[in-house]
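In what follows, chains carry the letters A, B, and so on, assigned in the order in which the sequence lines appear, proteins first and then strands, with residues in each chain numbered from 1. The analysis underlying the following values was restricted to heavy atoms, covering all of them including side chains, and did not include hydrogens, waters or symmetry mates.
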Number of protein chains: 2
Amino acid sequence: MAEPIRLSKRDAARRENEARILAAAEKVFAEAGFGGATMQLIADMAGLPKANLHYYFATKEELYRKVVQQIFEIWLHAADSFDNAPGPVEGIGAYIDAKMDISRKHPFGSKVWASEVMHGAPVIQDYLETTLRDWTKGRADVIQRWVDEGKMAPVDPRHLLYMLWATTQHYADFGHQIETLNGGKPLSDRQWKEAKESVKTIILRGIGAI
Amino acid sequence: MAEPIRLSKRDAARRENEARILAAAEKVFAEAGFGGATMQLIADMAGLPKANLHYYFATKEELYRKVVQQIFEIWLHAADSFDNAPGPVEGIGAYIDAKMDISRKHPFGSKVWASEVMHGAPVIQDYLETTLRDWTKGRADVIQRWVDEGKMAPVDPRHLLYMLWATTQHYADFGHQIETLNGGKPLSDRQWKEAKESVKTIILRGIGAI
DNA sequence: ACACAACCTGACCAACCGGTCAACAAATTT
DNA sequence: AAATTTGTTGACCGGTTGGTCAGGTTGTGT
């Protein structure tokens, strides 16, 4: 069991400050891009003097890197439900649910990730070439197995994965567009549920799993 | 018929300079984002002195706006094939083809557009609320008609459109990621064809049109 | 050939940015 | 409670950026 760790005043303050800075940075980087974001703006949003940011994160790049790593972790773990699933309906269905939830809960992080990749992944190229490549290979193998077992139509696992990523992330990255087309209002709980169902239905039927 | 308009030296030079600047700007904005792009970099890439850029485009914002408008036009016209189609197989199939071609031919423009929307559409919000809203309404009606005519399963037209946008644009916006997962090489002609087929097959089957 | 307008550009500037630092405050250790 | 480590911050700096402008060049109409 986890002990109720006693945090010294210092450690507690450090923890909170880092969290506040990271949260502010995530939002500012998402809304302004790396180049458009300023340390001053992040500092103001975090309620700290700019010099204090540089005490916790030496450079703008270092802070940005931490923000990207954070969302990448969440992104990867979304596929936990993918494994050990008996078939595509459960596995891919749960994956869509998880990724749609991420899009709703972490829209800023999703945008930062999208922005990073769009600009050629200057700071996380190594992750793409190692962690993400392995991850993708593993899931593609699972999908291929389902195909071989006749649990779904023969589709290219890669392109199916791209479609899953694209569709689920779209609700975060292009959330503003969707909101505008929704009469300027964010999707309601019911509309989010409908979105999830639509995506799941079309894709699962599209791969011949239902 | 279009007359072979005689361009004076001036008009010809103006045309070429503007085109060169816009092409350079599209690339730089796509790779560095609006905030990260510099007029100097665009000028260097266009092979013109920076001051000359400001002669043609007064401000960075004005130049950026032109770039965004340009890709928006292409984006809208991609759906010409959508209309007058007898059913979803032809209409949506052609639309997917057209949008995939755009992703391949105009990856920079696609990224600029994505970036603009992701950042809350600061310069083209009015377009979203007028042109895009009308456009979307029109296509959604067409899809609904096909549903009513029994030519496809009853799916929410909006979410289908989002899925089409997301999936096709993904190949441009996340092209770097796809390239990395493809062994660091861009998709070949054959792979692009396979991508198109995969997308069309999954979606058309997903909406019960085939 | 002349006059006028359009075009071009090196040099320049004020504003802003990321990052530094010295001086100070607070917590922790001894 | 003294000493030491850790955290805090206003003021500052060199470098870069978007944008300006005066003075020159080129093309066009007359």
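A:Glu62 comes within 4.0 angstrom of no nucleic acid atom, judged by non-hydrogen atoms across all strands. Here A:Tyr56 lies in heavy-atom contact (under 4.0 Å) with sugar-phosphate atoms only.
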Without placing hydrogens or testing angles, list every side-chain donor-acceptor pair under 3.5 Å for residues 38-46 of chain B, not counting sequence neighbours.
unit_1, atom_1, unit_2, atom_2, d
B:Thr38, OG1, B:Leu41, N, 3.0
B:Gln40, NE2, B:Asp44, OD1, 3.1

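A pairwise comparison of heavy atoms in A:Val123 and A:Glu116 identifies N-OE2, 2.9 Å as the closest pair. Taking all atoms of both residues into account, the shortest heavy-atom contact from B:Phe34 to B:Lys60 is O-NZ, 2.8 Å. Between A:Gln144 and A:Pro157, the closest heavy-atom pair is OE1-CG, 3.6 Å. The minimum heavy-atom distance linking B:Val89 with B:Ala209 is given by the pair CG2-O, 3.4 Å.
Contacts between residues 29-52 of chain B and DNA chain C, defined by a heavy-atom separation below 4.0 Å, involve B:Pro49, B:Ala51, B:Asn52, listed by number.
Figure legend: A:Lys66 and A:Phe57 shown without cation-pi pairing, the cationic atom not lying both under 6.0 angstrom from the six-membered ring centre and within 45 degrees of its axis.
Using cut-offs of 30° and 60° on the angle between ring planes, the pair A:Trp75 and A:Phe72 is parallel. Relative orientation of the B:Trp192 and B:Tyr171 rings is tilted, given thresholds of 30° and 60° on the angle between their planes.
For B:Lys60 and C:dA15, the NZ to C1' distance is 14 Å, given to the nearest whole Å. Note: CD (B:Glu16) to P (C:dC8) measures 11 Å, nearest angstrom.
Partner A:Asp141 forms a salt bridge (Lys or Arg N to Asp or Glu O under 4.0 Å) with one of A:Lys137, A:Arg145, A:Arg139 and no other, that one being A:Lys137.
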5'-to-3' dot-bracket of DNA chain D (Watson-Crick, G-U; under 3.5 angstrom; crossing pairs as [ ]; | other strand): ||||||||||||||||||||||||||||||

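Each side chain to side chain donor-acceptor pair (under 3.5 Å) pair with one or both residues in residues 126-136 of chain B, not counting sequence neighbours, appears once here: B:Gln69-B:Tyr127, B:Gln125-B:Glu129.
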Shorter than 3.5 Å, N or O on both sides, protein versus nucleotides 25-27 of chain C: list them out with atom names.
unit_1, atom_1, unit_2, atom_2, d
C:dA26, N3, A:Arg10, NH2, 3.4

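First and last contacts of DNA chain D with chain B, using any nucleotide atom under 4.0 Å from a protein heavy atom and ordered 5' to 3', fall at D:dT17 to D:dT28.
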Could you walk me through whether B:His106 and B:Ile74 pass side chain to side chain contact (heavy atoms under 4.5 Å, CB included), step by step? CA-CA 9 Å; B:His106 303 279; B:Ile74 295 173; 3.9 Å; yes

